[in-house]
Structures are given as C-alpha cells and as structure tokens.
Amino acid sequence: MTATTVKAPASPQETAGSWTVILRRRIVGLVPPGQALPDRQPAYMQSWIYVFGMATLASLGVVILSGIALAMGGTVWWHTSALGHYVNSVHLWSVEIFFVVLVVHLWGKFWMAAWRGKRGLTWMTGMFAFLAAVGTAFTGYLTTTNFESQWIAAEAKDGLNSIGIGGLFNPLNSPRMLLWHVILLPLVIGVIVLWHIVLVRRHGIVPPIGAKEPKK
Amino acid sequence: MEYAVSMAEGAGRYLGDGILHISIANVIIILVGVGLFVAALLVPFPKGHGDAKGGGKK
C-alpha cells in the first residue's frame, strides 16, 4: 500500500472570492448566531398574543399538506369517497382556522406597532403574505365550482373588468384559477412566509410598547 | 334573477341592513376572532418548566 498525500484545504484567504463562500457567508449572516432556532426568549414573550404567529404557521402547514393530498387524489376522489370528503373538509377548516389566527396575529402586531426597531420589512412581508393568502383563498373558492363559486366568479369578473384587468385575471376561467390556486399563489406565499420568518429571527420578537428590548 | 336569489338564500342565513349583507357563519367567525384576541390579552400564560422566575432572557 502506498501512502497518498492529501492536499490541505485551501485557506479562507485563497477562496474568499469564491461565489460559494460569498453565498455561505450571506446565508450564515441572515440571522445572528443561535437565533435561527432559539431556546430562550425575552420574558415579555410569555403572553398568549405571541402564540398566534406560530399558530398561523402550523395551520398553514395543515392547509398545504391537505392541499397536496387533494391535488394527488383529484376531483372525483374528494367528491365521492369518504376519505376524500374528510380531507376536503380538513382543507376547508384548516383555512378557516388559518385566517382566524392570522387576523388575531395581525391585530396583536398592529396594536403593539410591530414595525418598531427596524422591523418595517417584517411588517410589510406579513402584509403581503396576508394579501397573497386572500388571493389563494379566493381562487380556492372558485375551484369548488359549485353555485356559490360561480356566483363569486361572475361578480369578481365584473369588478376586475371595471378596473381593466379582467383579461389578465379572469375568474370565470376555472382551469386558470385552479393553477393560480395550487401552484402560483402557494409558491408566492411560501417565499414570502419564509422571508417573514427569517426577518423575525433576524430582528427578534418585537417587545410590547414600553418594554426594554434585551441586548442582542 | 329570482332563481339566483332563491338559490343564494338556500345557501345559508344572512343578516342584512341597508347595504350591509353578511352570513351568520361569517358573523360567528368574526366574533370567535375577536373573542380569541381578547382572551389572548387577558388569560395568563402558563409558567415554563424549570423556569421558576418565569422569565427567559431578561
């Protein structure tokens, strides 16, 4: 057996210009050390009002998982089988819970002025996630294709036509609305929510008005 | 139009006053949200295990 020599890894100085190093530093620097998954939080977080952000995230997880099951099963499955009916109902009610806890989270953050302490972008990403969720729920209603959804689609079509975007987004086009509901808008929500969570971890939980924020 | 209205009426019970028109189900969901918000502010949060002073990082 012959000994082989292993070349020592390049020193940081030699690879400083590498795009992988630059990207790695950017990713590592997104949140302060230990704050990606912290095990301790400020004392003022011991309030139920701080629970609703995570409740929103948990219900979004159920919405996505049940939605994936519905997409895999298909229309006939969720309309005719008992399990399909059940998953369909789980999807509907997880959306209902998602919006209730989302709105409570929104009210809580609004009344504690959660944009303080350089958290303006955190607030705005939350707002855009909310708007994207409203659009996703709307296209979900259109996907059910029952009388109510047809009524909503026709009314929305008139409204969108009145502002000149009926050609870009036509609620009466069911297949197009289905694709918006199962692909485009969930992707948008996923990206914005991930961005929102990174910003929350980066800047920390907003303190109540008048409370002193711990040193980072 | 009359047929459409009768179909819509069969879909649920609604409250209406002037231009306001809202289903009972939506009123209940809004009231649940308001109730949760008030409860979140008033109900004391349980103390964590092994955290006798009840606080995390001060």
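Side chains included, hydrogens not; waters and symmetry mates left out as well; all remaining heavy atoms used. Residue numbering restarts at 1 for every chain, and letters A, B, ... go by the order of the sequence lines.
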S.K.: Please check if atom OH in Y141(A) has more than 12 non-hydrogen atoms from other residues, nucleotides or ligands closer than 6.0 Å.
M.R.: no
S.K.: Report, as yes or no, whether the 6.0 Å neighbourhood of atom CG on D17(B) holds more than 12 heavy atoms from other residues, nucleotides or ligands.
M.R.: no
S.K.: Quick check: are there more than 12 heavy atoms from other residues, nucleotides or ligands sitting under 6.0 Å from CG of L37(A)?
M.R.: no
S.K.: For V100(A), which atoms come within 4.5 Å of any heavy atom of chain B: side chain, backbone, both, or neither?
M.R.: side chain
S.K.: For W195(A), look at atom CH2 and say whether over 12 heavy atoms of other residues, nucleotides or ligands are found less than 6.0 Å away.
M.R.: no
S.K.: Check whether W48(A) reaches the backbone of L41(B) with its side chain - one donor and one acceptor, N or O, closer than 3.5 Å.
M.R.: no
S.K.: For residues V51(A) and F45(B), report the shortest heavy-atom separation together with the two atoms involved.
M.R.: CG2-CE1, 3.7 Å
S.K.: What's the shortest heavy-atom distance between A40(B) and S47(A), and which atoms?
M.R.: O-OG, 3.8 Å
S.K.: Within the structure provided, determine whether F52(A) and L36(B) are in side-chain contact (heavy-atom separation under 4.5 Å).
M.R.: yes
S.K.: Hey, is CZ on F169(A) packed in by over 12 heavy atoms from elsewhere, all under 6.0 Å?
M.R.: yes
